[in-house]
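Worksheet: the structure to be examined is printed underneath.
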Amino acid sequence: MIHINENFLNLQDSYLFSTVAKKVAEFQKNNPDKKVIKLGIGDVTKPIVPAVIEAMHKATDELANAETFRGYGPEQGYDFLKNAIVENDFKNLGIEPDEIFVSDGAKCDCGNIVDIFAQNNKVAITDPVYPVYLDTNVMSGRSGSYNEKNQMYENIVYMPVNKENHFVPELPKTKVDIIYLCFPNNPTGTVLKKEELQKFVNYAKENKAIILFDAAYEVFITEDNVPHSIYEIDGAKEVAIEFRSFSKTAGFTGVRCAYSVVPKTVYGYTASGEKISLNKLWNRRTTTKFNGVSYVVQRAAEATYSQEGRKQILENIRYYQENAKIIKNGLIEAGFEVYGGVNSPYIWLKTPHHMKSWEFFDELLEKANVVGTPGSGFGPSGEGYFRLTAFGTQENSIEAIKRIKEIKW
Ligand code: PLP
C-alpha cells in the first residue's frame, strides 16, 4: 500500500486568490458595464525589454547550428551568467561564482532549500508573510498542528510586522534555527535598515542559526541605508543564504530565472555537532534534482546586465516606481494610513474604521471597482490591512486613485 506524506494534509487551503477571482467574476457578471481595475496580483505587465529579447533570439539561433548547439549545461548555471551576477549584483561583497546557483525561480529555491535542513529545526517567519516559506515547512513536517483559533501552527515562531512595531520584526523570544526574512517585503512593501538587519545577523551568529533572505524586490530600493543584499551586513556571509530573482527585476515571471547565493562560509551542524558546509549540501541537492536553466534563458538573464539591457530595464522599474508613488500619495490624500511603496512595488494600507480586510475588499470592488488583496490572506497579523500593487498600467493606477478619492470612506 502506498502511504502519502501526511504533512500535506496539515496544509491550510489558500482561498486568497481564488476567492478574489470568484468575487471579481461575480461582480463583473452583475455589472457588465463597469470597468474593473485589478491591482491585486503581483505579476508584472511590461513586456521583456529589446536587449533581452535580442539575446534570446541570438541564443535560439545558436541552438539551430551544430557548431554552437548546447545540450545539458552545468546544473548550477553557466559561468557567463554566474560571473555577470557576481560582477554586477555583489561587487565588493566577496561573493564568488561557485557560491551562485542559477535556478528557474526564487519560489522553487525558497521551497527547495528546506531539503538540506533537519526536520527538528525551529522556524521563524514574519507575519504577514509570502506563503511559500510557511507551506514548504508544513510539507516537510516542521510546523506542528494548526490552531484554527489563532490561525497559527504550534511549532512555528511568528514575528508580527505591523504599524505598532513600524514593520520591524522583533528578534524571536524563543530560540530558533531558521529565520526567513524578505526585504523589501511582500506583502507590506516595507524594508529594514542596515542596523536593523544587523541585529538578525548577530542573533543568527550567537544562536548558530541561519537566515534565509529573500531579496526578490531588491531593484525597487530607492533609499540609502537600505541594504540591497544581506551580505552588506557584517558577519552575514557566515549565517545567510540569499535568494534573488529576475522575475520582478526584468519581467521574467514567464521566462523564469533566479538564483540563490550560498556562501562557502555558511555551515550547518550534524546532531553530533560536526560542522557541514551548506554550499556543499546545496550543490549536491542541485546536481541530483535539477538539470539547469535553459541556455536561452540564461543568455537572456545575462543580457539584463549589459549596458543597454540595464538601461531599458531600469526604465520599466521607474515606471512601476512612478505607479507606486501615484498610488501611495493618492491614498494619503484620500485620508488613508499607508505603508510601503517607496522601496517596493507594494502599497500596504490600513483599512479605515477598523474594517476587516475582506470587508474592505468588498467595498473597494463595489464602490470603486478596484481589486486589491486582503492582508489577512498573508497571515493573522495582516488582518485590517490591504495590499495594492504598482505593477498595473499608469493609466489604471491614476484612474483607480481618482475613483478611490471620490468615495467617502
Ligand atoms: N519571493 C517573493 C517574496 C515573491 O513575492 C515572489 C513572487 O511573487 C517570489 C519569491 C517568486 O519569484 P520567482 O518568480 O522567481 O519564482
Side-chain angles (χ1 to χ4, degrees), residues 14 16-17 20 38-46 48 52 77 81 85 89 100-114 125-137 159 161 167 169 179-192 197 211-221 226-230 240-261 286 290 292-294 297-298 300-301 304 313 316-317 320 324 340-341 343-348 372-373 375 377-379 382 387-392:
S14 171
L16 181 61
F17 290 108
V20 167
K38 294 179 185 169
L39 300 179
I41 293 177
D43 198 357
V44 293
T45 49
K46 286 245 161 222
I48 307 285
V52 171
L81 179 55
I85 288 169
D89 290 346
I100 305 288
F101 296 83
V102 177
S103 78
D104 58 350
K107 186 182 201 175
C108 323
D109 288 343
C110 295
N112 290 330
I113 198 78
V114 296
I125 56 167
T126 56
D127 171 27
V129 76
Y130 176 56
V132 175
Y133 317 143
L134 178 61
D135 284 356
T136 53
N137 277 292
M159 302 181 289
V161 281
F167 298 92
I179 304 170
Y180 286 87
L181 294 177
C182 170
F183 291 100
N185 188 261
N186 178 15
T188 66
T190 55
V191 289
L192 288 190
L197 193 49
I211 297 172
L212 301 176
F213 190 76
D214 187 341
Y217 297 95
E218 166 276 328
V219 75
F220 291 92
I221 294 172
V226 176
H228 289 245
S229 164
I230 195 164
I241 289 175
E242 180 163 309
F243 303 108
R244 292 272 189 113
S245 172
F246 294 91
S247 284
K248 309 298 159 82
T249 317
F252 274 37
T253 51
V255 174
R256 310 303 306 145
C257 196
Y259 63 88
S260 54
V261 187
T286 301
F290 189 54
V293 174
S294 80
V297 167
Q298 291 193 60
T304 65
I313 281 166
N316 284 354
I317 298 298
Y320 295 134
N343 298 295
S344 161
Y346 295 122
I347 296 99
W348 188 244
T373 312
F378 297 99
R387 192 189 76 174
L388 292 174
T389 91
F391 286 126

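Small disclaimer: the values here were computed from a predicted structure and weren't measured. Every number for a ligand or one of its atoms is a count from 1 in the order of the listing.
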Heavy-atom closest pair (W348 atom, P128 atom, distance to 0.1 Å) is CZ2-CG, 3.8 Å

Q) Within a strict 4.5 Å, meaning less than it, do heavy atoms of the F101 and D109 side chains meet? A) no

Checking N343 against Y217: is there a side-chain donor and acceptor pair closer than 3.5 Å? no

**Report entry** Under 3.5 Å donor-acceptor, Y320 side chain and T45 backbone
**Finding:** yes

For this session: Check whether the side chains of N185 and T190 place a donor and an acceptor atom closer than 3.5 Å, and report yes or no.
Result: no

Write none if no such pair exists; otherwise list each N/O atom of ligand 1 with its protein N/O partner under 3.5 Å and the distance.
from, atom 1, to, atom 2, distance (Å)
ligand 1, 1 (N), D214, OD2, 2.7
ligand 1, 5 (O), N186, ND2, 2.8
ligand 1, 5 (O), Y217, OH, 2.6
ligand 1, 8 (O), Y217, OH, 3.3
ligand 1, 8 (O), K248, NZ, 2.9
ligand 1, 14 (O), S247, OG, 2.6
ligand 1, 14 (O), R256, NH1, 2.9
ligand 1, 14 (O), R256, NH2, 3.4
ligand 1, 15 (O), A106, N, 2.7
ligand 1, 15 (O), S245, OG, 2.7
ligand 1, 15 (O), S247, OG, 3.3
ligand 1, 16 (O), A106, N, 3.2
ligand 1, 16 (O), K107, N, 2.9
ligand 1, 16 (O), R256, NH2, 2.8

**Side-chain donor-acceptor pair present, S260, E242, cut-off under 3.5 Å** = no

